[in-house]
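Values in this document were obtained by computation on a predicted structure and should not be read as measured data. Numbering of ligands and ligand atoms starts at 1, following listing order.
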Amino acid sequence: MWRAVASLGLLIGAGSAAVAADYRGPLFDAHLHYNNEACTHDTPAPGCPHPMADVLDRMQRNGVRAVVANSRPNDGTKALASAREQTRKAGVAVVPFVRLYRDRADYNNWFRDPTIVDMVNAELKQGTPAGPYRGLGEFHLYDSANANGPVARQLMALAEEKDLAILAHVDDAAIDLLMANTPSKGQKSLLIWAHTGIGGTPAPRVDELFARYPRLMGELSYRPGLTCTDGQLCPEWRALLLKYPDRFLIGSDTWINQRWQHYDELMKGYRTWLGGLPANVARRIAWDNGAKLFGVATPKP
Ligand SMILES: [Zn+2]
């Protein structure tokens, strides 16, 4: 009996990533929304499910030490960026992005609406108490051809000129089109690909795009086919993350309140598969890549 138990222990000990301990270091949430329906007020109130104290508590208890913040409209981002004392206490660095959406109607029209450019320029000029805006987005293109809309072209060029990151929820065809609309043809553009192809862009195609565009980053929320058994990475995605350890980021995508409700599980899910990677790779995807992009100091444990 004892021998059987001992050899079973050996088997497990020498076994696969499935039994690896969760990643325990800091997390950089590179895709966070603080939208108006979360209720971005300072104080709890009826019909206000996720006030500032609540969202900061969720970040803090999950070891999230920095966030890319954007929101519809931009008020939520500004609320987070203005809460200097509270975010400092929670140990969360806020990296603000300008969202292109004032309301839901803008999702399907921003790429051809010149008033969006005016709004972006006004926000950039104003900046935030947490520092200047560092990126534009998240934006969506449900039809990749709209990557060639006049405003999409203008904003891609502006982002490269001002070295702003782009956070884009698009398909692989739109990545090529958006990159073609920059002065460097995508060689200098910092583009964070939200979900790394939410429609399930095949891993070899992601690989091809990463090889073509040196500053294309893949954010992994909602990515189909990412994890397999026991919450660990599927083989082809594990291989891709190991091939490009400096190019991936994790994110919550709190686009609806339900994502805030599941914030703990989302972060736990990341910690599980990160724990199955070599420690230095896990650390880069969890924290270092985002921290390096935006110059966020590494927190003391
Ligand atoms: Zn999103």
Val170 vs Phe139, side-chain contact (heavy atoms from CB on, under 4.5 Å): CA-CA, chis, key distance, verdict: CA-CA 8 Å; Val170 296; Phe139 64 68; 4.2 Å; yes

Establish, yes or no, whether a centroid distance under 6.0 Å links the rings of Phe294 and Phe97. yes

Hey, is CD on Gln258 packed in by over 12 heavy atoms from elsewhere, all under 6.0 Å? no

N/O/S atom of His33 under 2.8 Å from the Zn ion (ligand 1), yes or no? yes

Need one value: angle at the Zn ion (ligand 1), Glu138 atom OE1 versus His31 atom NE2, rounded to 10 degrees. 100°

Starting from the Zn ion (ligand 1), look over the N/O/S atoms of Asp253 and name the nearest one. OD1

Between Ala152 and Ala147, which heavy-atom pair has the shortest distance, and what is it? CB-O, 3.5 Å

